[in-house]
Asks: 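Dropping a structure here in structure tokens format, bear with me for questions.
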Amino acid sequence: MKLRELLARLVEHQVRFSVIGGVALIARGVQRSTEDLDIAYARDRENLARLAKALAPIHPRLRGVPADLPFVLDEASLRSGLNFTLDTDEGPLDLFGEVPGLGTFEHVDRASDEIEIASTRLLVLTIEGLEQAKRAAGRPKDLVDLGYLRALKGEHIS
């Protein structure tokens with residue numbers, strides 16, 4: 001995954017977003033790997049247009065569907081959908097219009113603060129926000145991540 005390039009592209013186009021998921025965990029100090037970049041994005045018309053413009057040159061495609069299925073990620077598609085799992089020329093990218101356990105971008109924004117990732121200051125979900133999202137998702141890997149987050153906070157794991 002070309003994380004630096006993906007993030008720079010979003011910042012360059014002034015997309016309003018917060019980093020969530022594995023990259024946020026790593027940015028907060030959890031030692032783990034991740035295959036994709038997960039972001040929560042603002043759903044106002046201007047931001048949808050900026051997001052679509054930022055991603056168009058890297059050919060976003062729906063992940064896990066037949067390659068010949070027609071799909072264009074434009075403002076209308078973003079407005080009609082909510083969460084998208086994409087493959088791009090710069091790597092996998094998951095877009096969340098709503099994050100389980102947190103809600104819309106406005107809620108994610110309040111549960112984020114600014115830190116540096118790949119030499120850029122970005123909004124990143126806080127440890128507490130990550131805990132809420134991971135608890136709500138409840139997949140086996142999320143439960144493991146919750147243990148890492150508790151360890152970061154110095155909590156006893158029983």
Asks: Establish whether V99 and L82 are linked, either directly or via other cluster members, by ILVMFWY side-chain heavy-atom contacts under 4.5 Å.
Replies: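 Different clusters: V99 never reaches L82 through Ile, Leu, Val, Met, Phe, Trp or Tyr contacts under 4.5 Å.
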Asks: What's the spacing between R50 CZ and E75 CD if we round to 0.5 Å?
Replies: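 Interatomic distance, R50 CZ to E75 CD, rounded to 0.5 Å: 10.5 Å.
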Asks: Between P60 and A56, which heavy-atom pair has the shortest distance, and what is it?
Replies: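 In terms of heavy atoms, the two residues are closest at CD-O, 4.1 Å.
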Asks: Please tabulate, for side-chain N and O atoms in residues 14-24, each donor-acceptor pair with protein atoms closer than 3.5 Å (sequence neighbours left out).
Replies:
{"from": "R16", "atom 1": "NH1", "to": "D44", "atom 2": "OD1", "distance (Å)": "2.6"}
{"from": "S18", "atom 1": "OG", "to": "S112", "atom 2": "OG", "distance (Å)": "2.7"}

Asks: Hey, could you give me the CG/CG distance between L78 and L95, rounded to the nearest 0.5 Å?
Replies: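 Separation between the atoms: 7.0 Å.
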Asks: OH/Y148 to CD1/I26 distance, rounded to the nearest 0.5 angstrom?
Replies: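 That separation rounds to 11.0 Å.
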Asks: Over all heavy atoms of both residues, which pair between A111 and L125 is shortest? Give the atoms and the distance, please.
Replies: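 The pair with the smallest heavy-atom distance is O-CD1, 3.4 Å.
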Asks: Look at atom CD of E35 and say whether more than 12 heavy atoms of other residues, nucleotides or ligands are closer to it than 6.0 Å.
Replies: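 It does not: E35 CD has 12 such atoms or fewer within range.
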Asks: Does any pair with a residue in residues 98-113 pass salt bridge (charged side-chain N to carboxylate O under 4.0 Å, His left out), and if so which ones, sequence neighbours excluded?
Replies: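 Of all non-adjacent pairs touching residues 98-113, those that pass salt bridge (charged side-chain N to carboxylate O under 4.0 Å, His left out) are R28-D113.
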Asks: Are L102 and F105 joined in one hydrophobic group, where the rule is that I, L, V, M, F, W and Y side chains link up if heavy atoms are under 4.5 Å apart?
Replies: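 Different hydrophobic clusters.
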Asks: Under 4.0 Å between a Lys/Arg side-chain N and an Asp/Glu carboxylate O for R135 and D145?
Replies: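 Looking at D145 together with R135, the answer is no, because their closest N to O distance does not fall below 4.0 Å.
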Asks: Could you give the side-chain donor-acceptor pairs of residues 62-73 under 3.5 Å, partners two or more places apart or in another chain?
Replies:
{"from": "R63", "atom 1": "NE", "to": "D87", "atom 2": "OD1", "distance (Å)": "3.2"}
{"from": "R63", "atom 1": "NH1", "to": "D94", "atom 2": "OD1", "distance (Å)": "3.2"}
{"from": "R63", "atom 1": "NH2", "to": "L86", "atom 2": "O", "distance (Å)": "2.6"}
{"from": "R63", "atom 1": "NH2", "to": "D94", "atom 2": "OD1", "distance (Å)": "2.8"}

Asks: Output yes when a side-chain donor or acceptor of H107 lies under 3.5 Å from a complementary backbone atom of T104, and no otherwise.
Replies: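 Checking the backbone N and O of T104 against the side chain of H107, a donor-acceptor pair under 3.5 Å is found.
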Asks: Looking only at heavy atoms, which two atoms of N83 and G97 are closest? And how far apart?
Replies: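 Answer, listing the atom of N83 first, then G97: OD1-N, 2.8 Å.
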Asks: Is the count of non-hydrogen atoms from other residues, nucleotides or ligands lying under 6.0 Å from Q31 atom CD greater than 12?
Replies: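 Not more than 12 within 6.0 Å, no.
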Asks: Ion pair present between E131 and R150, side-chain N to carboxylate O less than 4.0 angstrom?
Replies: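 Result for this pair is no, no salt bridge flagged.
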Asks: If the test is side chain to side chain contact (heavy atoms under 4.5 Å, CB included), which one of D89, I39, L37 qualifies with L6?
Replies: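 Exactly one candidate clears the test, L37.
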Asks: Output, in order, the C-alpha distance, side-chain angles, deciding distance and verdict of side chain to side chain contact (heavy atoms under 4.5 Å, CB included) for L93 and L55.
Replies: CA-CA 10 Å; L93 174 65; L55 298 180; 3.7 Å; yes
Asks: Check whether any side-chain N or O of R4 sits under 3.5 Å from a backbone N or O of K2 as a donor-acceptor pair, and report yes or no.
Replies: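 Checked: no pair found.
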